[in-house]
Amino acid sequence: MYERILVAVDGSPSSDLAIAQAAGLAKGMGAEVKVLFVVDEGEVFLEAGFVNPQDILNGLTDFGKKALAAAARRLQDAGVRFQTELAEKSAVPGDIAGAIVGYADRWPADVIVMGTRGRRGVRRMIMGSVSEGVVAKTSKPVLLIRGESA
């Protein structure tokens with residue numbers, strides 16, 4: 001059914017659960033997994049007067065590389081074909097959901113798997129929901145893996 005599974009990760013426990021779920025799906029279906037980490041540069045320049053934006057971008061990039069390496073180890077241990085990608089430049093800075101959907105379309109993925117933190121109320125209103133944005137912007141099936149509520 002699925003030959004190409006895109007897993008969007010952010011280094012959180014819920015994205016670790018998404019990797020595990022994608023590994024199980026891929027193994028059962030003989031599918032390939034692509035793990036994607038999007039470096040969110042959207043808010044970096046808002047604090048430019050207090051910190052060096054390049055330092056923040058470098059930190060986010062390093063964090064993304066570590067998240068992808070951890071995902072690669074898990075997928076390799078599971079015996080799943082995979083590749084990783086670090087998306088450092090999004091078409092629209094700050095639009096992580098749009099970047100994920102764009103990569104899923106270009107690859108092309110059959111399904112998108114990602115973790116969700118399950119934020120509610122004011123916290124969700126302020127912080128937004130990347131997973132909700134992906135669901136709204138894509139025509140592909142999206143498998144959301146619920147982590148602990150934050």
Side-chain angles (χ1 to χ4, degrees), residues 1-44 46 56-150:
M1 182 173 194
Y2 299 129
E3 295 178 15
R4 296 174 141 219
I5 301 169
L6 180 80
V7 184
V9 299
D10 63 3
S12 69
S14 63
S15 70
D16 290 343
L17 294 172
I19 293 164
Q21 190 67 226
L25 276 174
K27 198 162 184 141
M29 296 182 178
E32 180 180 8
V33 174
K34 182 173 204 170
V35 184
L36 176 69
F37 183 98
V38 177
V39 176
D40 181 14
E41 62 199 44
E43 296 181 24
V44 168
L46 294 177
I56 295 172
L57 282 175
N58 291 342
L60 290 170
T61 300
D62 290 344
F63 182 77
K65 288 177 182 177
K66 289 176 186 172
L68 291 174
R73 283 190 298 275
R74 290 189 69 185
L75 293 168
Q76 186 170 14
D77 290 347
V80 172
R81 288 180 301 127
F82 71 91
Q83 55 183 285
T84 62
E85 185 159 351
L86 182 72
E88 296 184 69
K89 299 286 181 199
S90 33
V92 180
D95 183 12
I96 299 171
I100 292 168
V101 170
Y103 275 87
D105 289 343
R106 284 189 297 278
W107 183 37
D110 298 312
V111 63
I112 301 169
V113 179
M114 58 191 302
T116 182
R117 293 188 179 96
R119 289 188 185 110
R120 299 194 185 285
V122 174
R123 201 173 218 187
R124 180 168 170 242
M125 201 168 67
I126 293 170
M127 299 179 86
S129 171
V130 172
S131 57
E132 187 175 272
V134 168
V135 169
K137 293 178 181 198
T138 190
S139 60
K140 298 181 183 300
V142 180
L143 176 58
L144 298 178
I145 309 302
R146 182 79 176 258
E148 290 185 23
S149 294

Got a second to check how far [X]'s [atom1] is from [Y]'s [atom2], nearest 0.5 Å?
X: K34; Y: E85; atom1: NZ; atom2: CD; result: 4.0 Å
X: I96; Y: L36; atom1: CD1; atom2: CG; result: 10.5 Å
X: Y103; Y: L6; atom1: OH; atom2: CG; result: 10.5 Å
X: T61; Y: I56; atom1: OG1; atom2: CD1; result: 11.5 Å

Taking only residues two or more places apart in sequence, or in another chain, which ones meet S15 in a side chain to side chain donor-acceptor pair (under 3.5 Å)?
->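 Scan of S15 (side chain to side chain donor-acceptor pair (under 3.5 Å), adjacent residues dropped) gives D10.
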Name all residues meeting the side chain to side chain donor-acceptor pair (under 3.5 Å) criterion together with N58; count only those two or more places apart in sequence or in a different chain, and write none if there are none.
->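 N58 satisfies side chain to side chain donor-acceptor pair (under 3.5 Å) with Q54 once adjacent residues are dropped.
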Taking the side chain as C-beta and beyond, is there a heavy-atom pair between [X] and [Y] under 4.5 Å?
X: M29; Y: V111; value: no
X: M114; Y: V130; value: yes
X: L143; Y: I5; value: no

Side-chain donor-acceptor contacts of residues 64-84 below 3.5 Å, not counting sequence neighbours, with atom names and distances?
| from | atom 1 | to | atom 2 | distance (Å) |
| --- | --- | --- | --- | --- |
| R74 | NH1 | D16 | O | 3.0 |
| R81 | NH2 | G30 | O | 3.0 |
| Q83 | NE2 | E32 | OE2 | 2.8 |

Contacts of type side chain to side chain contact (heavy atoms under 4.5 Å, CB included), residue P13, not counting sequence neighbours =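 For P13, no residue satisfies side chain to side chain contact (heavy atoms under 4.5 Å, CB included) once neighbours in sequence are set aside.
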Applying side chain to side chain contact (heavy atoms under 4.5 Å, CB included), name anything that partners D105, two or more places apart in sequence or on another chain.
->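 Residues passing side chain to side chain contact (heavy atoms under 4.5 Å, CB included) with D105: V101, K140.
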Taking all non-hydrogen atoms of both residues into account, name the closest pair between S131 and G115 and its distance.
->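 Where S131 meets G115 most closely, the heavy atoms are CB-O, 4.4 Å.
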Looking at V9, V7, L60, which hits side-chain contact (heavy atoms from CB on, under 4.5 Å) with F37?
->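 The passing option is V9.
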Would you please name every residue forming a salt bridge (Lys or Arg N to Asp or Glu O under 4.0 Å) with E3, sequence neighbours left out?
->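 For E3 there are no salt bridge (Lys or Arg N to Asp or Glu O under 4.0 Å) partners, ignoring immediate neighbours.
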